[in-house]
Amino acid sequence: MGLRTAWWCANVWRGRPRVPVPVRLGVVTAVLCTTALLPGQAALAAGTPGGYAFAEGARRIEAASNTGDAVGLEPGATYRSSLPRSGKVYYRLELDTATNAYVSVTAVPRPGSTLSAVDGLRVSVQDDHGQSCSNDTATFGAARSPHPIAAWGWREISPAKALCQDAGTYYVAVERVDPDNSPPEAWDLELTDVSEPRLDNTGTTSAPEAWNSASPEPLTGDPVRRRGGASFAQATPVGQGVWRDDIEPGRTLFYQVPVDWGQQLYATAELSSSNDGSGYAAGALDLALYNPVRGQAQDVSAGYDGSQQSVSLAPAPPVEYANRFAPTEQVGALRFAGRYYLVVHLAEEVADGFGDGPFGLTLRVRVSGAAQDGPGYAGESVPRGVFEVTEADREAAAEGGTAGGGLAMKAVAVGGIGTGSALLLGLGLWTVMARRRGAGL
């Protein structure tokens, strides 16, 4: 979408166009603007190669340097904040004894920042006595390439746990892992707060011990082009299949895959070879898997020397409620059904040896197993539907639309035939409307 189109869409829908907009142009505007903002165009809308498209409508809040000034987070809401170079910052949670709380924090350093291999983000949830309910860390890895990373924290009600079971005030603490070697600029943050209801019946408190851990045969066939999104909020739906994209050094692409109860997800990311340049970039191609509340389950990477390269997720167990009782987070993160995220990053350093690209990217995604019934929640999640897979999710993954249906879903076909054809369609609708108005209909 060009800058003029972006300006037009923004001002028309805000109701402040600088030039008069006849009512009959509304259909044309809707078609063009919806087409321009389809998920496949999300990365373009983000601006620079390292750009992150923060969730629309995210509320800006100030991070507190102490618990006494911490701003409260509400379930179902998304927030924007910032993280200074040193020291912890805090946010507040008010929790009951019937629901589990999950807070994810995505950190976005500036493109071109100088990072250490162990620099990253640490998130913990603490009770009002300072006891930790959970701790999670995400780092930038060997490539030291600035890109969005996410860590999560949680408070769970469980007979298997002794701490953090009371109702009351809790705190989310966020800090950098290696502040002494971290860039001085503040990092932008995106925070989400999700609540999970209790079960109708408590059930087992032990993780499954046996599951199919064999790697499946890789999917083959002609890839289907699908442009990745520029953030979790704009992640492009993909399902089982072979998908083709392009990626530039410094870019991070987001995809979402619906995975139901009892299903297993396998994924491989392949970077094409290059005939230009030479050298070696450590950890250049990175593939991360996040669960529906943006908790990281896996993160794998590989270097790049100009030859084709690939990274694959390790075989993981089927999605089950009881996975949360596993000793490893790789299994524990696969605790609920919903939209899982595949996040691919190509390190900035690749440009030094092999140019600005773009480089060909192929995703091979397999979802194995029949969908099963859920664990039997006693209520609804907040936001609603986070821990379920709908038919609309499956259709969007197969067809490239926006999960959840609506106008954007129907506009996929328009996006596939280009803006020029969309304009013709809009003009056609305009003509029909004009004739109906002339006939008094």
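Residue indices begin at 1 and follow the sequence shown. Only a predicted model underlies this, so the values are computations on that prediction, with no experimental measurement involved.
Around CG of Asp96, the count of heavy atoms belonging to other residues, nucleotides or ligands within 6.0 Å exceeds 12.
Across all their heavy atoms, Phe254 and Thr252 have their closest contact at CE1-CG2, 3.6 Å. The heavy-atom pair separating Ala98 from Ile157 by the smallest distance is N-CG1, 4.5 Å.
Salt bridge absent: Glu62 and Arg80 never bring a charged side-chain N and a carboxylate O closer than 4.0 Å. A salt bridge is defined here as a Lys NZ or Arg NE, NH1 or NH2 lying under 4.0 Å from an Asp or Glu carboxylate O, and Asp246 with Arg225 meets this definition. With respect to the salt-bridge test (charged N to carboxylate O, under 4.0 angstrom), the residues Arg324 and Glu196 qualify. Salt bridge status for Asp245 with Arg226: absent, with no side-chain N to carboxylate O gap under 4.0 Å. With respect to the salt-bridge test (charged N to carboxylate O, under 4.0 angstrom), the residues Arg335 and Glu320 do not qualify. Between Asp136 and Arg122, no side-chain nitrogen of the basic residue sits less than 4.0 Å from a carboxylate oxygen of the acidic one, so the salt-bridge criterion is not met.
For the disulfide bond (SG atoms under 2.5 Å apart) condition, the pairs that include at least one residue of residues 51-150, sequence neighbours left out, are Cys133-Cys164. Counting only residues at least two apart or in different chains, side-chain hydrogen bond (donor to acceptor under 3.5 Å, both in side chains) contacts with residues 283-297 comprise Glu190-Arg294, Tyr290-Gln296. Sorted pairs that involve residues 56-99 and meet ring pair (Phe, Tyr, Trp, His ring centres under 6.0 Å), not counting sequence neighbours, are lacking altogether.
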